[in-house]
Chemist: 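I'd like to ask some things about the structure below.
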2 protein chains.
Amino acid sequence: MHLTTKGKYAVTALLDLALNETNDFVPISDLAGRQSIPGPYLEQLFRYLRKADILISHRGPRGGYKLSRPRNEIKIGQIISAVEDRMDATQCSGEGNCSAGSKCLAHNLWTDLNYQVQSFLMDKSLEDVLKNATYKDVNKKQKNYKLLIATG
Amino acid sequence: MHLTTKGKYAVTALLDLALNETNDFVPISDLAGRQSIPGPYLEQLFRYLRKADILISHRGPRGGYKLSRPRNEIKIGQIISAVEDRMDATQCSGEGNCSAGSKCLAHNLWTDLNYQVQSFLMDKSLEDVLKNATYKDVNKKQKNYKLLIATG
DNA sequence: TATATTCCTGACTAGATTTGTCAAGAATAG
DNA sequence: CTATTCTTGACAAATCTAGTCAGGAATATA
């Protein structure tokens, strides 16, 4: 399971796009500049998002990108799915042959972890994140869980 | 956020150790053999687990490793925390300076994702996983979420 | 005491992956 | 026409993972 800057950059850029939503196309240089993302790198990521029908592009002056549908219909999970290719936590890509042809002792654990992460990401749209609404209550409990995160 | 084979090997090896729980020490070669994990690599991982007081070791003939406490008191999250060092999903290691000194648009999203993953892993002990009990109901819903996981 | 067993430590390496860069080309608004 | 912007493909450096290896220290057993 690997969430890289690819996924993080993509989500951030699309949040920016959703925030500054108009009918105009927004050039990549604007997004990259505002969000401190290397332009050519973001360009590369936007290829995947266009292929996944999340973005619409237009060339030439006044060209750029815009969201293919309303921001409440684009899920964070869809964005990440479009740019990341190693989000699966199982050792066997879900095939159940992780230990000498059959399931390893931890197989179901990783499958369930997959489900946790996926449902979290698929339940949230760009709009949800901008509103910071649907998951605000979760925030308050965070003090109980510091062990996994480096605090230095 | 990166869950590597380090974390997966460590959890699998400790599940094996919990499964074959006796008062004896179990040599690494036994665990590595049974779980198809490269021995010297597992040895490397066990250093971290000993430092984290999850394992007790003993040298010499009839030596090996055993769990430092009952298997229901060792959480999966503790194991992963001991061997993985990049489980944080935020771009800024939680410092909130991910975008020109302040929080990027996605900061709270990644913080909440951290919480989801941590609470999932910290809620499960070795015993829970072996019993396959505490999270079985979650399994049944999985068909709805396939988008993130490569199906090929 | 001798010996085989097992952990302990540190260094090293090959390969994969990420994180970018770059150049040339195509479309298009004005 | 021309400047702007996306499009595509190739390339490269840095980092990280996954695993190896050698030498040493402790200890149970005979």
Side-chain angles (χ1 to χ4, degrees), chain A residues 1-13 17 23-33 35-52 54-68 80 83-89 91 93 98 150, chain B residues 1-13 17 23-33 35-52 54-68 80 83-89 91 93 98 150:
Chain A
M1 171 168 289
H2 201 173
L3 177 61
T4 69
T5 60
K6 282 205 288 259
K8 300 179 203 170
Y9 282 165
V11 168
T12 301
L17 211 44
N23 273 337
D24 294 340
F25 290 95
V26 179
I28 272 204
S29 54
D30 285 19
L31 297 167
Q35 301 303 328
S36 307
I37 300 172
Y41 193 41
L42 189 57
E43 209 163 327
Q44 204 180 112
L45 302 179
F46 271 24
R47 299 180 200 179
Y48 296 106
L49 296 172
R50 204 171 56 87
K51 272 186 193 166
I54 293 170
L55 286 178
I56 295 173
S57 64
H58 190 72
R59 292 202 261 200
R62 307 203 52 185
Y65 292 90
K66 66 176 169 184
L67 301 178
S68 70
I80 290 177
V83 299
E84 300 280 5
D85 45 347
R86 301 204 312 171
M87 283 299 287
D88 184 7
Q91 195 74 346
S93 303
C98 18
Chain B
M1 172 167 290
H2 201 174
L3 177 61
T4 70
T5 60
K6 282 204 288 258
K8 299 178 203 170
Y9 282 165
V11 168
T12 299
L17 210 45
N23 273 338
D24 294 340
F25 290 94
V26 179
I28 273 203
S29 53
D30 284 19
L31 297 166
Q35 302 303 328
S36 307
I37 300 172
Y41 192 42
L42 189 57
E43 207 163 329
Q44 205 180 109
L45 301 178
F46 271 24
R47 298 181 200 178
Y48 296 107
L49 297 171
R50 204 173 54 88
K51 275 188 191 164
I54 292 170
L55 287 177
I56 296 173
S57 64
H58 190 71
R59 293 202 261 200
R62 307 201 52 183
Y65 291 91
K66 65 176 168 184
L67 301 177
S68 69
I80 291 179
V83 299
E84 299 281 3
D85 44 347
R86 301 202 313 172
M87 283 299 287
D88 183 8
Q91 195 74 344
S93 303
C98 17

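Protein chains get the first letters and strands the later ones, always in sequence-line order, with residue 1 at the start of each.
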Chemist: Fit a plane to each ring of A:Tyr65 and A:Phe46, take the angle between them on a 0 to 90° scale, and name the class: parallel (under 30°), tilted (30 to 60°) or perpendicular (over 60°).
Modeler: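 Because their plane-to-plane angle is over 60°, the rings of A:Tyr65 and A:Phe46 count as perpendicular.
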Chemist: Does the C:dC7 base have a donor-acceptor partner in the side chain of B:Glu43 within less than 3.5 Å?
Modeler: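 Looking at the base of C:dC7, it does not pair with any donor or acceptor on the side chain of B:Glu43 (distance under 3.5 Å).
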Chemist: Which is true for B:Pro40 with a 4.0 Å heavy-atom rule: it touches a base, it touches only sugar-phosphate, or it touches nothing?
Modeler: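 B:Pro40: base contact, heavy atoms under 4.0 Å.
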Chemist: Could you tell me whether a side-chain N or O of B:Glu84 sits under 3.5 Å from a main-chain N or O of B:Gly7, the two making a donor and an acceptor?
Modeler: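 Yes, the answer is positive, given that a donor and an acceptor are paired below the 3.5 Å cut-off.
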Chemist: Look at the side-chain N and O atoms of A:Arg62 and state whether any lies under 4.0 Å from the OP1 or OP2 oxygen of D:dT4.
Modeler: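 For D:dT4, neither OP1 nor OP2 has a side-chain N or O of A:Arg62 closer than 4.0 Å.
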Chemist: Please check: side-chain N/O of B:Lys6 versus main-chain N/O of B:Leu42, any donor-acceptor pairing under 3.5 Å?
Modeler: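 No.
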Chemist: Send over the distance from B:Tyr48 OH to C:dT9 C1', rounded to a whole Å.
Modeler: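 It is 12 Å, rounded to the nearest whole Å.
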Chemist: Hey, does the side chain of B:Lys66 reach the backbone of B:Asn23 with a donor-acceptor pair shorter than 3.5 angstrom?
Modeler: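 A pair under 3.5 Å: yes.
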Chemist: Give the rounded distance in Å between these two atoms: CD of A:Gln91 and C1' of D:dT17.
Modeler: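 Computing the A:Gln91:CD to D:dT17:C1' distance gives 12 Å.
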Chemist: Below 30° counts as parallel, above 60° as perpendicular, anything between as tilted: where do the rings of B:Tyr41 and B:Tyr9 land?
Modeler: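 Aromatic pair B:Tyr41/B:Tyr9 classed perpendicular.
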Chemist: Give a yes/no answer on whether the side chain of B:His58 brings an N or O atom under 4.0 Å of OP1 or OP2 in D:dA28.
Modeler: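 Checking B:His58 against D:dA28: at least one side-chain N or O falls below 4.0 Å of OP1 or OP2.
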Chemist: Contact class for A:Pro27 (heavy atom, under 4.0 Å): base, sugar-phosphate, or nothing?
Modeler: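 It contacts sugar-phosphate atoms only.
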Chemist: Verify, without hydrogens or angle tests, whether B:Lys8 (side chain) and A:Ala89 (backbone) share a donor-acceptor contact under 3.5 angstrom.
Modeler: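 Here the side-chain-to-backbone pair exists.
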Chemist: Is the phosphate of C:dT17 approached by A:Thr4 (side-chain N or O, under 4.0 Å from OP1 or OP2)?
Modeler: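 No, because none of the side-chain N or O atoms of A:Thr4 sits under 4.0 Å from OP1 or OP2 of C:dT17.
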Chemist: Below the 4.0 Å mark, does C:dG20 have OP1 or OP2 next to a side-chain nitrogen or oxygen of A:Tyr9?
Modeler: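 For C:dG20, OP1/OP2 do have a side-chain N/O of A:Tyr9 under 4.0 Å.
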Chemist: Between atom CG in A:Leu42 and atom P in D:dC6, what is the gap in whole Å?
Modeler: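 Rounding to the nearest Å, CG of A:Leu42 and P of D:dC6 are 10 Å apart.
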Chemist: In terms of side-chain heavy atoms of B:His2, which of D:dT17, C:dC7, C:dG20 is nearest?
Modeler: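 Nucleotide nearest to B:His2's side chain: D:dT17.
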Chemist: Compare the minimum distances between each of D:dC6, D:dA25, C:dT18 and the side chain of A:Lys6, then state the nucleotide with the smallest one.
Modeler: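 Closest nucleotide to the A:Lys6 side chain: C:dT18.
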Chemist: Does a side-chain N or O of A:Ser57 approach OP1 or OP2 of D:dC6 to a distance below 4.0 Å, or not?
Modeler: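 Result: no.
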Chemist: Figure out the CZ/C1' separation between B:Arg86 and D:dA18, and round it to whole Å.
Modeler: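 Distance, rounded to whole Å: 14 Å.
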Chemist: In whole angstrom, what separates B:Asp85's CG from D:dC16's P?
Modeler: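 After rounding, the gap between these two atoms is 9 Å.
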Chemist: NZ of A:Lys66 versus C1' of D:dT5: gap in Å, rounded?
Modeler: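 Nearest whole value for this atom pair: 16 Å.
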Chemist: Measure from CG on A:Asp24 to P on C:dA29 and round the result to the nearest Å.
Modeler: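 Atom-to-atom, A:Asp24 to C:dA29, this comes out as 13 Å.
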Chemist: Please state how far atom CD1 in A:Ile37 lies from atom C1' in C:dT19, giving the value in whole angstrom units.
Modeler: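 So the CD1-C1' distance, A:Ile37 to C:dT19, works out to 13 Å.
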Chemist: Which comes earlier along DNA chain D counting from the 5' end, the contact point of A:Pro61 or that of A:Gln44, where each point is its nearest nucleotide?
Modeler: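 That would be A:Pro61.
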Chemist: Under 4.0 Å between any heavy atoms, over every strand shown, what does A:Phe46 touch: base, sugar-phosphate, or nothing? Just pick one.
Modeler: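 The residue A:Phe46 makes no contact with any strand.
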Chemist: With nearest nucleotide decided by heavy atoms, which residue, A:Arg47 or A:Gly60, maps closer to the 5′ end of DNA chain D?
Modeler: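 On the 5' side of the pair lies A:Gly60.
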